[in-house]
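Below is one structure, written out as structure tokens, with a few remarks after it.
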Amino acid sequence: MKDNFLLQIKELKASIDNKEILKGLNLEVGYGEIHAIMGPNGSGKSTLANVLTGRDIATVTHGSVTFEGHNLLEMSPEERAREGIFLSFQYPIEIPGVSMVNFMKTAVNEQRKYHGLEPLSASDFLKLMREKKELVEIDSALTNRSVNEGFSGGEKKKNEIFQMAMLEPRLALLDETDSGLDIDALRIVANGVNKIRRPDTSVIVITHYQRLLDHIIPDFVHVMYDGRIVKSAGPELALELEERGYDWIRKEADVSEESWTTDQK
Amino acid sequence: MDYRPEVISKMSALYAAGSGSFLKDSPELFNRYRESAFEDFKRLGIPDRKNEAYKYTNLETFLNYQYQEYYSPLPADFREAEKFHCEVEDLDVWNMVLLNGFFPNGEKGLVMLPGGIWVGSMKFAVKQFPALMEKHYNKYVENANDGLVPLNTALATDGLFIYAPKNTVYTKPVQIVNLLHSDKDIFVQDRNLVVVEDGAQLSLLVCDHALSPQHFLTNTVTEVYVGRNSRFDIIRVQNQHNNSGKMTHTYIHQERDSYASSNNITLHGGLVRNATWHHLGGENAETHSYGLFLADKHQHIANFVKVDHVAPNCNSTQLFKGVLDDNASGAFNGRIMVHKEAQGTNAYQSNNNIILSENARMDTKPQLEIFADDVKCSHGATVGQIDADALFYLRSRGIDAREARLMLMFGFAHEVIQNIPIEALRDRIDNLVHQRLRGELSRCASCAIQCN
């Protein structure tokens, strides 16, 4: 039975070092939808990405997250990845001594094994690499090197998209993938994402800026503030935020918070 | 209680009992140094933890043991060694098997390889090249305050000799497989000399294996002369069982415009201590010292390096890494000494270690001594766990935690392995390290002998 939503987050609360960062977050992502999450620094956007991918820095204290109806929070990071969740890291990690080829071969084959498929032969794997490199316009030489080692900021981000192309996720989380990119790199990265997407692939774009959303056009824009999603609308909301900043959102949110607490008394 | 006086008296008895036989069988050149070397040994004694270079390495378990005398190989041991066959895919080498530090007897005592490079036994070399041996033998060792070095000079009766005359180039690596095999517990003292004359090029691969389960202790001294504008690479692969102790003292003396590299890969062994001395004696020389060890159980692996920048405008690098598990311990003691005349020196040193268990221990001591003013030097040391960010990154791509850890350890190790100048050998060692990290015994696939 197919669930109505690919991802469903209910009343999610999470803390880092006993400090509550996510304070009751709700989000539903349907199949094939693109959601943008915007919001000021410190609102909890990256913590959300960590919680969804299973990074153990944050502890979930309340709420539920289901992925295709399964309890996501019970899964290890690698299981989540094999189920089809992919995070494009804000700061991709350099791993000296581990070659890109070996890294991707292991990742692709572990995913295949999980789904009951035979590992790819060496030649099929190299063919796949070649195709995906062309698709995302990544420099061939980069895949002959160690993972992200000595890559420029833009190369690292392109490499994330290349990995996404190799793994063909069901849900891609792009955590500030646009930060530090020049216009050309931004276009390449965004085109890459659009080309990789299949009709039922969903994407969550975490960003501060409208400019990435010119290329990856969202169905929904959410604003995160103080650990919750405080406003959701169509793509026009991103433009409004670009123009007006976040202050008015803060005011709105704080007012409703106040009236909510007053009501409780 | 201090065990050392007893070992010294045991060694004295060994020396007295054996001197009749080895004085008779050994070349005059060896015998000439014996008496004074043994006096040096008695004076310096066995290095203990008060000795800066041995501060973190306790030799007691291996030195305080009743070894049998072993001054010449037995024919039966050679027959066992002949069964040993080592073949590395795609690696084209000239190969020779040594047993307990000795060459098989007979015509193979000294051979000339195509291109004019000589390989053979020290004893034969003294007869064939008396002047050369006179010039180089026992000239590059630094006794410093390590009694084990003169002990070798006093007790060694033979070893490996390699001679690359002026402008000779041998394109294949020379591979020496050093086997330990005996039905007795033995203390092996092998003495080696490599002479690479001006403009010559040589790469040497030394593989150590212990075939029988007996207790072994090896005290190896190797002197290397690297002439002007010449190149020398040595790669050691040490793979011995836990009852086997190995101490190497390697002295690399370099003339101007020369290039040398040393790479010690320690996969297995109860106690291993590699001391490598790089003497940059001529201008514009370059030297690289690398080391990698993987230790578990109660193993102890130590690397001691000294790079002496004597002449100006020389470059040196050191990169040593260790992975320690269980109750293993390790030590790194690396020293760069820039002499007053050595202006324009570039010297770098790095030591990184990963500790996998709570009981493993690593001591590292990087040292710099600079007496010149125009130099670029850096050194750094780290001891840590597997990087949590990198681990998560791999897992977030669907790679399970165990495999991700292995990949990271392998990547860590590969940074040392990638400096091996021979590609086929690099791949081979990558494989051995992979197996070792997976907890499988690193064994050459084509090796018929299944050692433990």
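Residue numbers begin at 1 in each chain, while the letters A, B, ... track the order of the sequences. Note that the structure is a prediction, hence the values are computed from the model and not measured. The basis for the numbers below is simple: all heavy atoms, side chains too, and nothing from hydrogens, waters or symmetry mates.
A distance of 14.0 Å separates CZ of A:R82 from CZ of B:R397, quoted to the nearest 0.5 Å. Separation of atoms OG1 (A:T106) and CE (B:M407) is listed at 4.0 Å; rounding is to 0.5 Å.
Heavy atoms closer than 4.5 Å to chain B are found nowhere in A:P169, neither backbone nor side chain. Residue B:A404: no heavy atom, backbone or side chain, is found under 4.5 Å from chain A. Contact of A:R55 with chain B is made through backbone and side chain together, with heavy-atom distances under 4.5 Å.
Sparse packing is recorded around NZ of A:K127, with 12 or fewer heavy atoms of other residues, nucleotides or ligands lying under 6.0 Å away. More than 12 heavy-atom neighbours from other residues, nucleotides or ligands sit within 6.0 angstrom of OH on B:Y56. For NZ of A:K105, the number of neighbouring non-hydrogen atoms (other residues, nucleotides, ligands) closer than 6.0 Å is 12 at most. Within 6.0 Å of the CG atom in A:D17, the count of heavy atoms belonging to other residues, nucleotides or ligands does not exceed 12.
A:A81 and B:G398 get closest at one heavy-atom pair: CB-N, 3.3 Å.
Contacts between residues 410-419 of chain B and chain A, defined by a heavy-atom separation under 4.5 Å, are made by B:G411, B:F412, B:H414, B:E415. Using non-hydrogen atoms only and a strict 4.5 Å limit, the part of residues 130-161 of chain A facing chain B consists of A:V147, A:N148, A:E149, A:E160. For a heavy-atom cut-off of 4.5 Å, chain A lies close to B:D387, B:A388, B:D389, B:A390, B:F392, B:Y393, B:L394, B:R395, B:S396 in residues 382-396 of chain B.
With sequence neighbours excluded, the residues that form a side chain to side chain contact (heavy atoms under 4.5 Å, CB included) with B:A381 are B:N351, B:T364, B:P366.
Counting heavy-atom pairs under 4.5 Å between each of A:V108, A:I95, A:D56 and chain B puts A:I95 at the top. Counting heavy-atom pairs closer than 4.5 Å to chain B, the top-ranked of the candidates A:I85, A:I57, A:V98 is A:V98.
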